[in-house]
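Have a look at the structure below, then the notes.
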Amino acid sequence: MTVPEPPVVDAHCHVFHRAMPFADTAWTRPDYDYRVETYLAELDRHGISFGVVTAASLFGDYNDYTLSVLDRHRRLRATVMLDPDTGPAEMATLKAQGVCGVRYQLPPAAALPDPAGYRFRRFVRRLADAGLHIELNLSGAQLAALLPALDDSGIDIVVDHFGLLRAEHGMEGEGFLAVLRSVERGRTRVKLSAGFRLRADEVAGYAARLIAAAGPERLFWGSDAPFVGFERGVDYAATLDLFYRIVPDARTRRLMSDAALRFYFF
């Protein structure tokens, strides 16, 4: 049996240790460590060269451990969470450290800030000026409201978890349809990440529709290690097996890897 060629980049993981402060709104509080050394050993075990550490909402804007990881490991990039009033000098420093974007996540029922308001537009403009993308993990209604408002911002956008983890009505909901329209406009990419959190009988269909709409050049794969909330039922090998199953064409997977490598590292 031929072993599939592994992806070059894992575009979505979290690293943390149990002494880190949880945000007051944390939906769960892991009682274990998943340090960068454990993650890198997992990448090496599976033949994956690079990883992207994604800011976890559990820790709010406590980015300290992530930044220390970037200082030590050049094979990693990261997103962080930032206060919207963060200034351009700090953003430039973060970019130089290996931060490539800012994750933007709100509780599903939360109202968005005014996307046409000065404070939000200033934040997005500063991100774009610093060469940072905005990474969205939002509900379907939030995506439908925010994505069109980002059209003229000049910022690159990455949508987490197929655009479907928090989306009402699945692929026919307003959030996913807004993601497809945004992808067509050219500045939006989507992560095929955390497929194990979606309905097992539908995830292959989600991937196929995104490949048809976006092409592999605007899709990334991510493991979502260490699978918070699913630790007993998922391991790293299982996330790779799922990827090979829902994206069966080796050339498509290779083009996705090339796209992730260019976007995050070069």
Side-chain angles (χ1 to χ4, degrees), residues 7 9-46 48-83 86 90-91 93-95 97-108 110 132-138 158-161 165-166 191-198 220-240 242 260 264-265:
V9 180
D10 176 355
H12 196 105
C13 79
H14 306 287
V15 294
F16 51 82
H17 56 80
R18 70 190 76 192
M20 287 169 52
F22 288 107
D24 293 340
T25 55
W27 63 273
T28 187
R29 300 184 177 219
D31 60 354
Y32 59 91
D33 297 333
Y34 191 71
R35 292 183 180 269
V36 68
E37 293 79 10
T38 304
Y39 173 64
L40 292 176
E42 199 77 85
L43 293 187
D44 291 341
R45 189 175 300 116
H46 295 282
I48 299 171
S49 300
F50 301 99
V52 181
V53 178
T54 301
S57 63
L58 304 180
F59 306 106
D61 61 2
Y62 180 82
N63 302 307
D64 305 42
Y65 181 59
T66 294
L67 296 178
S68 75
V69 160
L70 294 179
D71 285 341
R72 292 181 281 128
H73 300 285
R74 302 313 299 169
R75 64 191 287 197
L76 298 176
R77 295 291 186 267
T79 61
V80 295
M81 288 189 173
L82 289 183
D83 186 282
T86 301
E90 182 177 346
M91 290 185 183
T93 298
L94 291 169
K95 176 72 173 179
Q97 289 178 276
V99 171
C100 53
V102 167
R103 198 176 197 215
Y104 194 75
Q105 179 171 329
L106 297 171
L132 301 172
H133 68 268
I134 188 166
E135 179 179 351
L136 305 179
N137 188 26
L138 298 172
V158 177
V159 177
D160 278 345
H161 305 328
L165 185 60
R166 299 162 170 233
K191 290 185 188 179
L192 305 189
S193 54
F196 59 88
R197 299 183 189 272
L198 302 171
F220 309 139
W221 171 78
S223 67
D224 200 26
F227 330 115
V228 174
F230 287 75
E231 295 91 343
R232 294 184 180 180
V234 179
D235 60 17
Y236 205 95
T239 67
L240 282 170
L242 177 62
Y264 288 106
F265 289 88

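Predicted model, so just to flag it, every value in this text is computed and none were measured. Any value given below was found using the heavy atoms of this structure, including those in side chains, with hydrogens, waters and symmetry copies removed.
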| query | So, Phe50 versus Tyr264, ring centres under 6.0 angstrom or not? | reply |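 No, too far apart.
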Is there a side-chain contact between [X] and [Y], using heavy atoms and a 4.5 Å cut-off?
X      : Y      : answer
Asp64  : Phe59  : no
Ile48  : Leu240 : yes
Pro226 : His14  : yes

| task | Measure the acute angle between the ring planes of Phe196 and Phe227, then classify it against the limits of 30° and 60° as parallel, tilted or perpendicular. | result |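 Phe196 vs Phe227 ring planes: perpendicular.
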I need the [X] [atom1] to [Y] [atom2] distance, nearest 0.5 Å.
X      : Y      : atom1 : atom2 : result
Glu37  : His73  : CD    : NE2   : 5.0 Å
Met91  : Leu132 : CE    : CG    : 7.0 Å
Leu58  : Phe22  : CG    : CZ    : 6.5 Å
His12  : Glu135 : NE2   : CD    : 6.5 Å
Tyr65  : His17  : OH    : NE2   : 6.0 Å
His161 : Leu198 : NE2   : CG    : 9.0 Å

Provide the closest heavy-atom pair for [X] versus [Y] in the form atom of the first, atom of the second, distance.
X      : Y      : answer
Val52  : Tyr39  : N-OH, 4.2 Å
Asp10  : Ser223 : OD2-OG, 2.6 Å
Ala78  : Leu70  : CB-CD1, 3.8 Å
Ser57  : Ala23  : O-CB, 3.9 Å
Val234 : Ala238 : CG1-CB, 4.5 Å
Leu138 : Leu106 : CD2-N, 3.7 Å

| request: Report the C-alpha distance between Tyr104 and Thr79 in whole Å, list the side-chain angles of each, state the deciding distance to 0.1 Å, and finish with yes or no for side-chain contact (heavy atoms from CB on, under 4.5 Å). | output: CA-CA 10 Å; Tyr104 194 75; Thr79 61; over 6 Å; no
| message | side-chain contact (heavy atoms from CB on, under 4.5 Å) for Thr239 and Leu242? Distances and angles first, verdict last. | response | CA-CA 5 Å; Thr239 67; Leu242 177 62; 5.7 Å; no
| request: Take Phe230 and Arg197, measure what side-chain contact (heavy atoms from CB on, under 4.5 Å) needs, and give me the verdict at the end. | output: CA-CA 8 Å; Phe230 287 75; Arg197 299 183 189 272; 3.3 Å; yes
| request: Report the residue from Glu90, Lys95, Gln97 that forms a side chain to side chain contact (heavy atoms under 4.5 Å, CB included) with Thr93. | output: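 Single pass found, and it is Gln97.
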| task | Check Ile134, Leu94, Val80 against Val102 for a side chain to side chain contact (heavy atoms under 4.5 Å, CB included) and give me the one that passes. | result |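 Checked Ile134, Leu94, Val80 against Val102; only one passes side chain to side chain contact (heavy atoms under 4.5 Å, CB included): Val80.
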| task | Just grab all the salt bridge (charged side-chain N to carboxylate O under 4.0 Å, His left out) pairs involving residues 226-236, residues at least two apart or on different chains. | result |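 Matches after skipping sequence neighbours: none remain.
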| said: Checking Asp160 now: which residues fulfil salt bridge (Lys or Arg N to Asp or Glu O under 4.0 Å) with it, not counting sequence neighbours? | reply: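 Scan of Asp160 (salt bridge (Lys or Arg N to Asp or Glu O under 4.0 Å), adjacent residues dropped) gives Arg103, Lys191.
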| query | Is it true that a side-chain atom of Asp33 and a backbone atom of Arg18 form a donor plus acceptor pair closer than 3.5 Å? | reply |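 The answer is yes, because a donor-acceptor pair under 3.5 Å joins these two groups.
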| side-chain contact (heavy atoms from CB on, under 4.5 Å) between Thr66 and Leu76: does it pass, once the steps are laid out? | CA-CA 10 Å; Thr66 294; Leu76 298 176; over 6 Å; no
